[in-house]
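Just below is one structure, and these are the notes that go with it.
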Amino acid sequence: PLKGFVFPYMFGKTIVLQVLIEILLAAYLVLCLVRTDYLPKVFTYRGGKRRWHWLFIAITIFTLITGVTTFTSIDPFVSFWGTLVWSNSMLVLLHVYAFFVVLIALGRTKKVWHTLFLITFWSGLLLTFAAIFQAVPFLAQGNVGFRPYAMMGNPIYWASYLILALGSGCMLLVQEK
């Protein structure tokens, strides 16, 4: 049904991701109404001192600056809503930011983050095997040439996810030591 789009795989996945994040955010807001201790922590406590959580502050500032540039761009409408070709816009960034806030609010223990890193690493490894199978001529579905896309629709998207998976693998190695 999405064959008329330039990148039909990404448009559909972006819409599904946005809907899932909105459901997650709604459930999280209900949780915050019931238990206020699940509000996001913008401070960390080390050595008895309260300090700003640097990652939360940095990503919040990045999102705010991107918001300002969105509304001061040549075409604010396209900057906010995006296009069907790339599925990237301020709206997508706001969804990713909401997901980040929920993650840092609910991911309070090292076990939660360890599990998240494991899932990211192993799914990246599975996608890598899918890309290897696409590169083998008698196993390939369609003409992928020298740029397999590992079921993601575009080699660039797969490479971007692979960077995240490799980073997760590095975090797992650091945690093991």
Side-chain angles (χ1 to χ4, degrees), residues 9-10 12-67 86-136 147-177:
Y9 298 105
M10 297 320 302
K13 289 177 184 177
T14 302
I15 296 298
V16 169
L17 177 70
Q18 288 177 346
V19 169
L20 290 176
I21 289 174
E22 289 170 3
I23 292 169
L24 179 69
L25 184 62
Y28 171 69
L29 292 175
V30 169
L31 176 66
C32 286
L33 289 174
V34 175
R35 295 191 50 190
T36 57
D37 57 321
Y38 278 99
L39 290 169
K41 304 288 185 221
V42 295
F43 298 106
T44 59
Y45 295 93
R46 289 188 187 156
K49 295 182 180 180
R50 185 172 87 165
R51 298 181 183 163
W52 287 96
H53 193 285
W54 65 270
L55 185 61
F56 181 81
I57 299 302
I59 291 178
T60 300
I61 289 171
F62 172 77
T63 305
L64 290 172
I65 290 171
T66 306
W86 292 106
S87 295
N88 60 353
S89 63
M90 186 64 197
L91 184 64
V92 173
L93 181 63
L94 288 174
H95 280 84
V96 172
Y97 180 75
F99 184 64
F100 168 73
V101 169
V102 172
L103 270 182
I104 64 165
L106 298 179
R108 296 179 173 197
T109 64
K110 286 186 177 184
K111 183 179 179 185
V112 171
W113 288 103
H114 184 78
T115 304
L116 181 65
F117 289 142
L118 275 174
I119 291 169
T120 305
F121 175 74
W122 286 109
S123 62
L125 191 63
L126 287 174
L127 285 173
T128 300
F129 284 127
I132 291 170
F133 284 127
Q134 282 180 337
V136 176
R147 297 184 64 198
Y149 50 85
M151 301 181 306
M152 295 192 80
N154 189 320
I156 296 170
Y157 296 134
W158 172 59
S160 299
Y161 187 76
L162 195 56
I163 291 171
L164 179 67
L166 287 172
S168 295
C170 290
M171 287 299 294
L172 290 169
L173 285 174
V174 168
Q175 287 178 354
E176 290 295 321
K177 290 185 178 181

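In this text, all values refer to a predicted model and were calculated from it rather than measured experimentally.
- Within the structure, every pair that satisfies the side-chain hydrogen bond (donor to acceptor under 3.5 Å, both in side chains) test and touches residues 109-119, not counting sequence neighbours, is listed here: His114-Gln175.
- At most 12 heavy atoms of other shown residues, nucleotides or ligands fall within 6.0 angstrom of atom CZ in Phe99.
- Expressed to the nearest 0.5 Å, how far OG1 of Thr14 lies from CG of Asn88 amounts to 8.5 Å.
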Can you give the donor-acceptor pairs under 3.5 Å from side chains of residues 16-32 to other protein atoms, not counting sequence neighbours?
from  : atom 1 : to    : atom 2 : distance (Å)
Glu22 : OE2    : His95 : NE2    : 2.7
Tyr28 : OH     : Tyr38 : O      : 2.7

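- Under the side chain to side chain contact (heavy atoms under 4.5 Å, CB included) criterion, Met90 pairs with Thr63, Thr66, Thr70, Phe80, Leu93, Leu94, not counting sequence neighbours.
- Residues passing the side chain to side chain donor-acceptor pair (under 3.5 Å) test with Thr60 are Tyr97, sequence neighbours excluded.
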Can you give each donor-acceptor pair under 3.5 Å made by side-chain atoms of residues 118-132, sequence neighbours left out, with the distance rounded to 0.1 Å?
from   : atom 1 : to     : atom 2 : distance (Å)
Thr120 : OG1    : Leu116 : O      : 2.9
Ser123 : OG     : Ile119 : O      : 2.9
Ser123 : OG     : Thr120 : O      : 3.0
Ser123 : OG     : Tyr161 : OH     : 2.5
Thr128 : OG1    : Gly124 : O      : 2.8

